[in-house]
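One structure is given here, and the rest of the page talks about it.
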Amino acid sequence: MKQGLNLLQQFAGTFLKDVNLGVILMNTHFELIDISDMACRLLGLVKEEVVHRPLEEIFANMPAEHQLVHRNILDGMVVRNHAISWTNNQERYELLVDSNVLRDDHHQVVGAYIMFKDVTNLRSLEEQVQRSDRLAMIGQIAAGTAHEIRNPLTSIKGFLQVLRKTLEDKGMDRECGYTEVMLGEINRINQLVSEFLLLSKPKHVSYDSVDISQVVREILPIINNEAILHGVVVQYESALDLPQVVADKELLKQVFLNICKNGIEAMGVGGQLTLTERLDMDERKVNIDIHDTGPGIPMFVVDKIFDPFFTTKAEGTGLGLSVCQRIIHDIGGNIRVSSKGYGTTFTVSIPFPQPLH
Ligand SMILES: Nc1ncnc2c1ncn2[C@@H]1O[C@H](COP(=O)(O)OP(=O)(O)O)[C@@H](O)[C@H]1O
Ligand SMILES: [Mg+2]
């Protein structure tokens, strides 16, 4: 019997060290009695510093919705699979929390435990699936309506141009100005519809061997132009002899333009946009970093920026990044974003094929 108890104690000690679960034990005074290594790591705590301290003190600086523990778990409140988000060192974790009281032989409450699993990867997978579902649906709707919008728009535009000419000939400058405004607005609708059409899988993509440096060089004048308008400086750090990737050149241009445009729009006068090409031989990828010195993207926004129609701009469509994402995913690449407080870097990674021997 004694040996059995020893073994159990031994196991409890090892368990808290080894197990890939967050475990916190507390007594009836709401003081932390023991904690698993994984919980320390994930919550950013040092075991020696928190043992025997009141939990309220340990988690004092946490906002209410991030509270892992409440005193009422000692009242017998049972929690199962309660989902919370936790942020530590700029990393965001999705946790599923269980908790319950511990009772002795006489049914007296002697403490409580909290256990949690880290389900960050599962959650982001789930979100990805939902997102691509939504994208597919929007794509279908977009493809159906975009053409229907475009055709009448083309004839309106045509007649407007005729009208403008007539007004011009008659010297009606003010009315001529109105038609200018109308034509500008029509172009905006057209542009929106084009972005729509890209969201639904475009039919006319043509994949080819593409030199990324060349693509960047071709769009650099456009980026520069936009940058000058905003008082921003552009720096381009090219890499020599990048391997070719398989992509649609025009779509690739659109991706870089979109991301650069976002960067420029995020910065004020005096900002700097840096494009850097990097070769990753291990992963067999060409990476393009697009870095801006803007204000960065707040953590609660960053999850949403690839969602169609998500925008924080008064005039934004919120389609830019979702289109970019679509285009890069279709060629087996990915777009990552890192924004830690100050400035933002978008990294476009595109795989390059194995050379033929
Ligand atoms: N470089 C950046 N810096 C800060 N915020 C950004 C940056 N790039 C994108 N964003 C955010 O992502 C949102 C979505 O971008 P996007 O899909 O291109 O749509 P839009 O540019 O029309 O708003 C933007 O509204 C902005 O809030
Ligand atoms: Mg944009």
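Every heavy atom of this structure was used, including side-chain atoms; hydrogens, water molecules and symmetry mates were not. When a ligand or atom number is given, it counts from 1 through the structure's own listing order.
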Backbone of G343 reached by a side-chain donor or acceptor of S339 within 3.5 Å: yes
Evaluation steps, side chain to side chain contact (heavy atoms under 4.5 Å, CB included), between I328 and I350: CA-CA 7 Å; I328 295 300; I350 305 170; 4.3 Å; yes
Contact with ligand 1 for N258, non-hydrogen, under 4.0 angstrom: no
Atoms of ligand 1 close to G316 [distance to a heavy atom under 4.0 angstrom, numbered from 1]: 22 (O)
Nearest protein heavy atom with distance in Å, relative to atom 18 (O) of ligand 1: N262 ND2, 2.8 Å
Proximal atoms of ligand 1 relative to T312 (non-hydrogen, under 4.0 Å): 24 (C), 25 (O), 26 (C), 27 (O)
Chi angles and distances behind the salt bridge (charged side-chain N to carboxylate O under 4.0 Å, His left out) call for D289, R278: CA-CA 8 Å; D289 294 325; R278 282 183 299 120; 2.7 Å; yes
Sub-4.0 Å heavy-atom contact, G294 with ligand 1: no
Proximity flag F346 to ligand 1, non-hydrogen atoms under 4.0 Å: yes
Atoms in ligand 1 flagged as close to L321, the criterion being non-hydrogen separation under 4.0 Å: 9 (C), 15 (O), 16 (P), 17 (O), 18 (O)
Candidate pair E250 and K253, rule salt bridge (charged side-chain N to carboxylate O under 4.0 Å, His left out), full reasoning: CA-CA 5 Å; E250 294 309 312; K253 281 186 191 171; 3.5 Å; yes
Separation of T28 OG1 from L102 CG (nearest 0.5 Å): 11.0 Å
Numbered atoms and elements of ligand 1 in range of I305, under 4.0 angstrom, heavy atoms: 11 (C), 12 (O), 14 (C), 17 (O)
Shortest reach to atom 1 (N) of ligand 1 by a heavy atom, considering only D292, I264, L273: D292
Over 12 foreign heavy atoms within 6.0 Å of CZ, R80: yes
Structural part of T317 in contact with ligand 1, heavy atom criterion under 4.0 angstrom: both
For atom 22 (O) of ligand 1, the option (of C260, G318, G320) bearing the nearest heavy atom: G318
Atoms in ligand 1 flagged as close to A266, the criterion being non-hydrogen separation under 4.0 Å: 2 (C), 3 (N), 4 (C)
Hydrophobic cluster identity match, L229 and M267, side-chain contacts under 4.5 Å: no
Trace of the salt bridge (charged side-chain N to carboxylate O under 4.0 Å, His left out) decision for K261 with E265: CA-CA 6 Å; K261 198 157 167 283; E265 283 167 354; 3.2 Å; yes
Residue N258, metal the Mg ion (ligand 2), N/O/S under 2.8 Å: no
Heavy atom of the protein closest to atom 21 (O) of ligand 1 (residue, atom name, distance): K313 NZ, 2.7 Å
Flag side-chain contact, heavy atom, 4.5 Å: Y236 against E277: yes
Flag for Q214-E218: side-chain donor and acceptor within less than 3.5 Å: yes
Nearest protein heavy atom with distance in Å, relative to atom 14 (C) of ligand 1: F310 O, 3.3 Å
Residue, atom name and distance, where the atom is the protein heavy atom closest to atom 10 (N) of ligand 1: I297 CD1, 4.1 Å
4.5 Å side-chain heavy-atom contact, I264 and I223: yes
Per-atom contacts, ligand 1 versus G263 - under 4.0 Å to a heavy atom: 1 (N)
Heavy-atom gap V301 to ligand 1 smaller than 4.0 Å: no
OH on Y113 to CE on M26, rounded to 0.5 Å: 10.5 Å
Proximal candidate to atom 23 (O) of ligand 1 [heavy atom criterion; set I290, D307, T311, L319]: T311
